[in-house]
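Below is one structure; the comments refer to it alone.
So that the names make sense, note that chain A is the first sequence line, chain B the second, and so on, each numbered from 1.
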Number of protein chains: 2
Amino acid sequence: MATAGARKRRRTGARKKVRAARATTARTPLRAGTTSRDVAQLAGVSRSAVSRTFTPDASVSEATRRKVLAAAAELGYQPNVLARSLITDRSRLIGLVMGEWQNPFYATMLRLLSEKLQRREYQLMLLTATPEDDVAGAVRRLLQYRAEAILMVSCTPDPALAQSCVRDGTRLVVVNRDTGAMPVTNVSTDNARIGRDVAQLLLQAGYRRIGVVRGDPNVSVAKARTEAFKATVAASRRARLVLDQTGVVGYAAGREMIRAVLRDGGPRPDAIFCASDLTAIGALDGARLDLGLDVPGQLGIVGLGDAPVASWAPYDLTTVQLPIEPLIDAAVEALLAPATADARRAIVVDSGIVQRSTVRGPRR
Amino acid sequence: MATAGARKRRRTGARKKVRAARATTARTPLRAGTTSRDVAQLAGVSRSAVSRTFTPDASVSEATRRKVLAAAAELGYQPNVLARSLITDRSRLIGLVMGEWQNPFYATMLRLLSEKLQRREYQLMLLTATPEDDVAGAVRRLLQYRAEAILMVSCTPDPALAQSCVRDGTRLVVVNRDTGAMPVTNVSTDNARIGRDVAQLLLQAGYRRIGVVRGDPNVSVAKARTEAFKATVAASRRARLVLDQTGVVGYAAGREMIRAVLRDGGPRPDAIFCASDLTAIGALDGARLDLGLDVPGQLGIVGLGDAPVASWAPYDLTTVQLPIEPLIDAAVEALLAPATADARRAIVVDSGIVQRSTVRGPRR
DNA sequence: GCGGCGCGTGCAAACGTGTGCCAGAATCCG
DNA sequence: CGGATTCTGGCACACGTTTGCACGCGCCGC
């Protein structure tokens, strides 16, 4: 506050009293803000020249460019991107809204995303959607910062929100959620195919009493995957679905779930498909250590995500590989693409099954 | 480009021809930027009134405030924070520079950090220091965005960089690195104490041939921890240090390391302290599964970090707990603290050992 | 040698906001 | 009812940039 006041007076005074007086005080950087004016003065050129030096392919002679660069270096000048954005109407900010943090693949995702954006001279603003500050709140903040595009992970905008984004010219990209008719780009895996493939894998391995376990029952892509999985199981004459459980996510929940299920009176599954590697590993530990089962002999387990932990020695989990890098590449392209008339678009990236040792080999 | 041009013409024209003409076109939001001028006009007040409505405890009558809010809602107005920052000189942006992403605790850290900052109306800008865009580059970007403070995780500024930050009035907070005489705030655990405590734990359990394994040999806090650990071992008459290895980080590296060490001709350690839970778990799997050793009987293992995986059933790793939340709380306080004359400060958060089952009980 | 042409540079007007200052309105009190 | 006091809203300037426009200068070709 105090500094700001002092500075204002300094500036104003200098302006009114022409600019002679300024020369005496200019070189003392009382406060941060060495501005283009300061370096212009030191270099003996106009502010335009400074600006043009820092604008790629602007018309500036080699001589002045050098003078300006020297002065800038001496003063430690950094162009104020906020002011620049104000006039160019491009903030070079990309917003990321995270709905959930459980999944181990988010670390890799974040790293890749920030690296790739940085390489293209964009910055990443990270927001978490919490109960008290929900998706709409996070988006509102991002709009206030004039983010050029927003990536949503593990959460969905409601249609009104999506609408207000496009009205502001802010592109919206959603990872692995069903976005229906909303004017957003959708980057996801082929969930129906994943469901089918996993089901087929289990059926061919000779499992007969199949189960499926996932988290939030309202997530549409999980629903799509599960439906395809169940349909494939149902289409087989020999096998049937004996378990369809929602609301279990994470190691502890997975471990608890398998114990409850197998102690239950109902039909015991001999294979389960978990919607997350962590859940699958929890189930695996529960089955082996708590119940003494043979995996994959008595129980087959398939996870989802191919987290690093899935390949560790005691687990060696058969799982669905999520191609993080292609997914991020697609997302970045969509985020940075010039706004088109119709923003609605869907990008599907490939994924495959990593066969390890929690599912037995195919029955001959 | 095209839109920007059109808009400029629109604005300029409207101004020159007084403002009557504007009324006819104003309500069609051709492009984003509904500005305070637009809502002022719709509400029939001046721009100042709009500004004051959105400024906490500014002098505005209830009547106009309501008019303004109604107009703002109708137009979907969001104050432009970039312009606001320009004049208030406060961007409400906090930069985070990540040097490395391996550690599983970073996910929790990021979540907590973003949540806590959001709750205080700050935003988080996430940068990764890569070989091509190093710490200095990341900081430069953040300065260009006028970030109010910067948090560095798994990386260190060089003194010149730190200097240039304080000159710009940007606070610098570094997590768990030795920052010497630099004008930065340092948030860390008591590493010497950790080293001592772990050594004592192992000695009291009766282990006699002790080893220590860590990653980057240049990280000073790891050095401090290791030194204290080694000194404590050396002070004991009965035990001695038989292994001091650097450059091993992660599951695979830990597993490989233990195999190499125990097949080596040299003296075989009967207990090791790993500078990361992941390394420790790799070593644990290597010892049990590859070499058939009894842990903790033949080999004691201590990790660092208390990652979720450390508590999983097959591991149940004895490890040093890193108090993430207190650490983040301290960091947030330091980041948001008003700039003081001398920014140099050190905050130490407590940590303790979580005793599980990879170290045997104390010898009686 | 002169008109034109192109390049480099400075001037000034924006971008969307906050806020000190002043004038007018409203309120209160005697 | 009048004067003093508080409140409220508008004007205009400032923040640090970019960029259209115009002008000056050196060079080329006829």
Side-chain angles (χ1 to χ4, degrees), chain A residues 1 3-5 7-16 31-41 43-68 77-92 144-146, chain B residues 1 3-5 7-16 31-41 43-65 67-68 72 77-92 144-146:
Chain A
M1 276 311 213
T3 38
R7 176 201 209 174
K8 182 168 293 181
R9 256 176 278 116
R10 174 170 67 111
R11 282 285 148 74
T12 318
R15 263 226 184 154
K16 289 245 167 93
R31 202 206 150 275
T34 53
T35 79
S36 70
R37 188 198 310 276
D38 299 322
V39 10
Q41 183 167 32
V45 296
S46 75
R47 275 166 38 231
S48 319
V50 178
S51 169
R52 288 193 247 262
T53 316
F54 287 95
T55 311
D57 50 56
S59 165
V60 147
S61 77
E62 194 51 35
T64 47
R65 138 165 277 131
R66 252 201 291 273
K67 278 194 292 186
V68 169
Y77 169 69
Q78 299 286 2
N80 186 330
V81 185
L82 272 44
R84 185 209 304 261
S85 304
L86 193 55
I87 194 162
T88 59
D89 209 35
R90 315 205 62 215
S91 64
R92 301 196 80 85
Q144 292 185 343
Y145 276 87
R146 299 300 186 258
Chain B
M1 277 311 211
T3 38
R7 174 201 210 175
K8 182 167 295 180
R9 258 176 276 118
R10 175 169 69 111
R11 284 285 147 73
T12 317
R15 262 226 182 154
K16 289 243 166 95
R31 201 205 154 278
T34 53
T35 79
S36 69
R37 187 201 310 277
D38 299 323
V39 9
Q41 183 167 30
V45 295
S46 78
R47 275 169 36 233
S48 318
V50 178
S51 170
R52 287 194 244 264
T53 324
F54 287 95
T55 310
D57 50 57
S59 165
V60 149
S61 77
E62 194 51 35
T64 47
R65 136 164 278 131
K67 278 194 293 185
V68 168
Y77 169 69
Q78 300 286 0
N80 186 330
V81 185
L82 272 44
R84 186 207 305 259
S85 304
L86 194 55
I87 193 160
T88 59
D89 208 39
R90 317 205 59 216
S91 64
R92 303 196 80 84
Q144 292 184 344
Y145 276 87
R146 298 301 186 258

[X] [atom1] - [N] [atom2] separation (whole Å):
X	N	atom1	atom2	result
R37(B)	dG18(C)	CZ	P	14 Å
L82(A)	dG16(D)	CG	P	11 Å
F54(A)	dG16(D)	CZ	P	16 Å
D57(A)	dT19(D)	CG	C1'	14 Å
R84(A)	dT17(C)	CZ	P	20 Å
D89(A)	dT19(D)	CG	P	11 Å
R90(A)	dT19(D)	CZ	C1'	16 Å
Q144(A)	dT17(C)	CD	P	10 Å

Can you figure out which of [options] approaches the side chain of [X] most closely?
X	options	result
I87(B)	dT18(D), dT17(C), dT17(D)	dT17(C)
R146(B)	dT17(D), dT9(C), dG10(C)	dT17(D)
S51(A)	dT19(D), dG10(D), dT19(C)	dT19(D)
N80(A)	dG18(C), dG16(D), dT9(C)	dG16(D)

> Starting at the 5' end of DNA chain D and moving along, which residue's nearest nucleotide shows up first, L86(B) or E62(B)?
Replying inline: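 The residue whose closest nucleotide sits nearer the 5' end is E62(B).
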> Where each residue is assigned the nucleotide of DNA chain D containing its nearest heavy atom, which of S59(B) and P79(A) is assigned the position nearer the 5′ end?
Replying inline: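 Per heavy-atom nearest nucleotide, the more 5' residue is S59(B).
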Of all the heavy-atom pairs spanning [X] and [Y], show the shortest one and how long it is.
X	Y	result
S91(A)	Y145(B)	O-OH, 2.7 Å
S59(B)	R52(B)	O-CD, 3.8 Å
V68(A)	V50(A)	CG1-CA, 4.0 Å

> CD of Q41(B) to OG1 of T35(B): how many Å apart, nearest 0.5 Å?
Replying inline: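 One gets 9.5 Å once the value is rounded to the nearest 0.5 Å.
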Phosphate OP1/OP2 of [N]: any [X] side-chain N/O under 4.0 Å:
X	N	answer
S36(B)	dG16(C)	no
S46(B)	dG10(D)	yes
T64(B)	dG9(D)	yes

Counting only distance, no hydrogens or angles, is the base of [N] paired donor-acceptor with the side chain of [X] under 3.5 Å?
X	N	result
R47(B)	dT17(C)	yes
R52(A)	dG10(C)	yes
S48(A)	dC11(C)	yes

> Through what angle, rounded to 10 degrees, does the axis of the helix from dG1(C)-dC30(D) to dG30(C)-dC1(D) turn between its ends, using five pairs per end?
Replying inline: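 Answer for the end axes of this duplex: 30°.
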Distance-only check: which donor-acceptor pairs under 3.5 Å involve side-chain atoms of residues 77-87 of chain B, not counting sequence neighbours?
unit_1 : atom_1 : unit_2  : atom_2 : d
Q78(B) : OE1    : Q144(A) : NE2    : 3.3
N80(B) : OD1    : L82(B)  : N      : 2.9
N80(B) : OD1    : A83(B)  : N      : 3.3
S85(B) : OG     : V81(B)  : O      : 2.7
S85(B) : OG     : R90(B)  : O      : 3.4

> In chain order, what residues pass the side-chain contact (heavy atoms from CB on, under 4.5 Å) check against R65(A), with sequence neighbours excluded?
Replying inline: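 Once residues adjacent in sequence are excluded, the partners of R65(A) under the side-chain contact (heavy atoms from CB on, under 4.5 Å) criterion are T53(A), V60(A), E62(A), L69(A).
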>> For T64(B), give me all partners under side-chain hydrogen bond (donor to acceptor under 3.5 Å, both in side chains), at least two apart in sequence or on another chain.
In response: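 Scan of T64(B) (side-chain hydrogen bond (donor to acceptor under 3.5 Å, both in side chains), adjacent residues dropped) gives S61(B).
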Using a cut-off of 4.0 Å on non-hydrogen atoms, how would the nucleic acid contact of [X] be classed: base, sugar-phosphate, or nothing?
X	value
V60(B)	sugar-phosphate
V81(B)	nothing
S85(A)	nothing
Y77(A)	sugar-phosphate

>> Tell me whether T55(B) contacts the main-chain N or O of S51(B) through its side chain, where contact means a donor paired with an acceptor under 3.5 Å.
In response: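 Present.
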